[in-house]
Amino acid sequence: MSPAAAPSLSREDLESLLRLRKLDHTLAISGLEIEPSSHDVIRTMVPTGIPDLDARLRGGIPRGQLSELAGPRSSGRMAMVVSAMAGATARGEAVALVDPLDMFDPVSAAASGIDFSRMLWVRGEATSSSRVSLSCEYGTLQKSLDRAVKAANLILQAGGFGLVVLDLAEIGTQALSRLPFTTWLRLHRVIEGSDTACVLIGSAPIARSAGGVTIQLASGSGPQAPGITAHVIQTRTMETRDVCVPLSAAAC
Amino acid sequence: MFACLYLPRRAKPEPLRAEGRGQRAEALVRLARDFSPRIETHGDRVVTLDIGGLGRLLGDARAIGEQLRRNAADSGLRVNIAIASTTTAAILLAQSRAGLTVVPEGAEAATLAPLPLSALSEFDSRLRASGSRPKAQSPEPKVDQLTRWGLRTLGDLAALPSADLSERLGQEGLMWQRWARGEDARPLVATGEEEGFEESIELEWPIDGLEPLSFVFARLFDPLCERLEQRDRGAVALQISLKLVTRDVYARSVQLPAPMRDARVLRTLALLDLETHPPPAAIDRVTVRVDVTEGRVLQFGLFARALPAEKLATLLARLGALMGGDRVGAPALVDSYRPGAFAMTDFAPEPAQLASDSRLRTPGQTRPEAQSPKPGAHPAQIIRRFRRPIPARVTMQQGKPARVTTDRRGFSGGAVERCDGPWRSSGDWWLITPWNCDEWDVRLNDGVAYRISHARNDNTWFIDGFLD
């Protein structure tokens, strides 16, 4: 007796179904890669505005995924994020920056061409992470962190933003470790399948979703000739690549 | 589509409801308001009303006209009714023809053509008497004069060359010709008293807390928003008045970013505002009032990622309650050289447009691509600024910083490997918060590039931030 014939789907049917649910990025990359059109790239990715890095990232930071940007101070984390935000606002998208320690400097960011009218800036209390030796300061820092995560959650739930950045670069690892481990999973579930790309900035890798990317940055060589050295990790394609991008002089 | 109700002079008023001229005029306005919130009166005999959208309820234009006539008869009024796609054609026909006249769209000029020129004179004097038309800059045309030219009907006047008519009669002559063709010189300007949108509830037991207040707001906002929907109005400001057990009145006002009439959104915004600014005592009576404007018409794009105004207002209110109202918004640059100066503005992005769609852009508007960095340009370095600068000690050698140290944890300090500067700035010396400093960018041997500043007035050094 032959087994009952199960309804079979062709690859095209499967791809169209996945595309409907915005899950087509989960398709395995075959050996023959097809260059996506620029419109497809914009639809599924948020370009960083750095051509070499975008080429390595296959278009940019993936939408509907939680990605992370890690590196030490002066490694160009903020420069890269502001470049991506500037590109998104130029395309007419709204972007959001959740800044728990209130460290964003609009004057230097303006040089990147960002359209501030499309940027939502959520500022926390200006507490320096270096002052956590005092217990009261530590409590304030933890409270700022909790509020920032809640604010990011609210923004992601509202939708309509192309790029949402949660800046945890100056938050100590001790404070981050006190967050429930489900925090990042919850954030990813909120944006899954949406058109929003969420980026966490940290001094070390924090978390990302399976389809997200990790960009590990290293310090440049000096204030007069600084640069970004990015180490890109994409789990889905099992790729790790290095990119070197020079930075223009600081706007003072 | 517009309808005109005209009360003829010879119509005999019914003694039951319409006694006297004033009462008949009021009845006429009431009749018009029963059909549309957008009505305009021209004296006490003519009312025009916008009947756009009534088709889905009553049927085609003739069905609407029949319904108007039936309601007028029920009110004891015998009126002439005309329906046309312009108010001018509707008024001219209603004052000239008895009964119901319905003009198909585009046939206004042809329908008006047989009317005598005296209809225009009557129409003009009616508009002037009601204040709907400003004083003429050039002498108004005389019917006798036009008759001497051999013109008898509106069709004759409409057929004249406009340039020649303008030479002889000026702008007023052109206006008459536009009316003769059934064209509107101005849109309908709705008149009449604006309806107040206010709901109030007296509580049996005082409320002390926001959770029970949520249910009270639901009872108030649901009927209020239903009325807004019926009148095609949107709330632009929310006035909340709470009468407390202390006999004081606690009032709050919430400005809305866009006209809205979603009860759930309004209730959430009211609750979030009261959560941020709670009343000092228990509440006895709750009154909500909304300032209204015309309803919003939205054209959604196929590709744009829209952020609806209702959702945005709720998001900003929630973020304001969480972080503080002044800590949420869009950054803005200020006209100052003070290091780190900025301002916060309301976050109200315009509807998104595709960068490639140049047809939707106004001619003077800057292309979005022009503001973006050029392809291939290197990203600019950004400063992470400490809003509270960190005191530091700086050793100078040959007029340049050679070593930076600080007692603050998290900053190791060290020898300066490279440095740029100084950039000197000063200002606000006429205020109590002047600044006068030299700024340097220094890269220390720990690999971090810092922005340090030297306050020249008191010879102190600070770490203002670092480049990232």
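Below, read A as the first sequence line, B as the second, and so on, with proteins coming before strands; counting in each chain starts at 1. Please read all numbers here as calculations on a predicted model, not as lab measurements.
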Task: Top contributor to chain B contacts, counting heavy-atom pairs under 4.5 Å, from A/G71, A/A96, A/A109, A/G124 - done: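 So the answer, after comparing A/G71, A/A96, A/A109, A/G124, is A/G124.
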
To the closest 0.5 Å, what do you measure between [atom1] ([X]) and [atom2] ([Y])?
X: A/S108; Y: B/L467; atom1: OG; atom2: CG; answer: 8.0 Å
X: B/R387; Y: A/D102; atom1: CZ; atom2: CG; answer: 4.5 Å
X: B/D468; Y: A/R77; atom1: CG; atom2: CZ; answer: 4.0 Å

Task: A/A151, part contacting chain B, at a heavy-atom distance under 4.5 Å - done: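 Both backbone and side chain of A/A151 come within 4.5 Å of chain B.
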
TODO: Under 4.5 Å heavy-atom distance to chain B, tell me which part of A/V82 shows up: side chain, backbone, both or neither.
DONE: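 When you check distances to chain B, only side chain atoms of A/V82 fall under 4.5 Å.
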
Of all heavy-atom pairs between [X] and [Y], which one has the smallest distance, and what is that distance?
X: A/S74; Y: B/G447; answer: CB-O, 3.9 Å
X: B/P331; Y: A/F116; answer: O-CB, 3.1 Å
X: A/V107; Y: B/A341; answer: CG2-O, 3.3 Å

Open item on the list: Determine whether a donor-acceptor pair (N or O, by modelled atom type, separation under 3.5 Å) exists between the side chain of B/R327 and the backbone of A/R123.
Closed with: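 At least one qualifying donor-acceptor pair exists.
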
Side-chain contact, heavy-atom cut-off 4.5 Å: [X] with [Y]?
X: B/M323; Y: A/R147; result: yes
X: B/F347; Y: A/M119; result: no
X: B/F466; Y: A/M78; result: no
X: B/L319; Y: A/L120; result: yes
X: B/V448; Y: A/P72; result: no
X: A/L101; Y: B/F386; result: no

Task: Pair A/R73-B/Y450, side chain to side chain contact (heavy atoms under 4.5 Å, CB included): steps then yes or no - done: CA-CA 10 Å; A/R73 288 173 179 165; B/Y450 291 99; 3.8 Å; yes

- [ ] Heavy-atom distances under 4.5 Å only: say whether B/L315 touches chain A with side chain, backbone, both or neither.
- [x]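 Answer is side chain: those atoms of B/L315 sit under 4.5 Å from chain A.
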
Task: Proximal component of B/D346, with respect to chain A [non-hydrogen, under 4.5 Å] - done: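 Neither part; nothing is under 4.5 Å.
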
Result block: side-chain N/O donor-acceptor pairs under 3.5 angstrom for residues 155-168 of chain A, not counting sequence neighbours:
residue, atom, partner, partner atom, Å
A/D167, OD1, A/A169, N, 3.1
A/D167, OD1, B/R384, NH1, 3.3
A/D167, OD1, B/R384, NH2, 3.2
A/D167, OD2, B/R384, NH1, 2.5
A/D167, OD2, B/R384, NH2, 3.4

Task: Qualifying side chain to side chain donor-acceptor pair (under 3.5 Å) pairs, either residue in residues 398-407 of chain B, two or more places apart - done: B/R393-B/D407

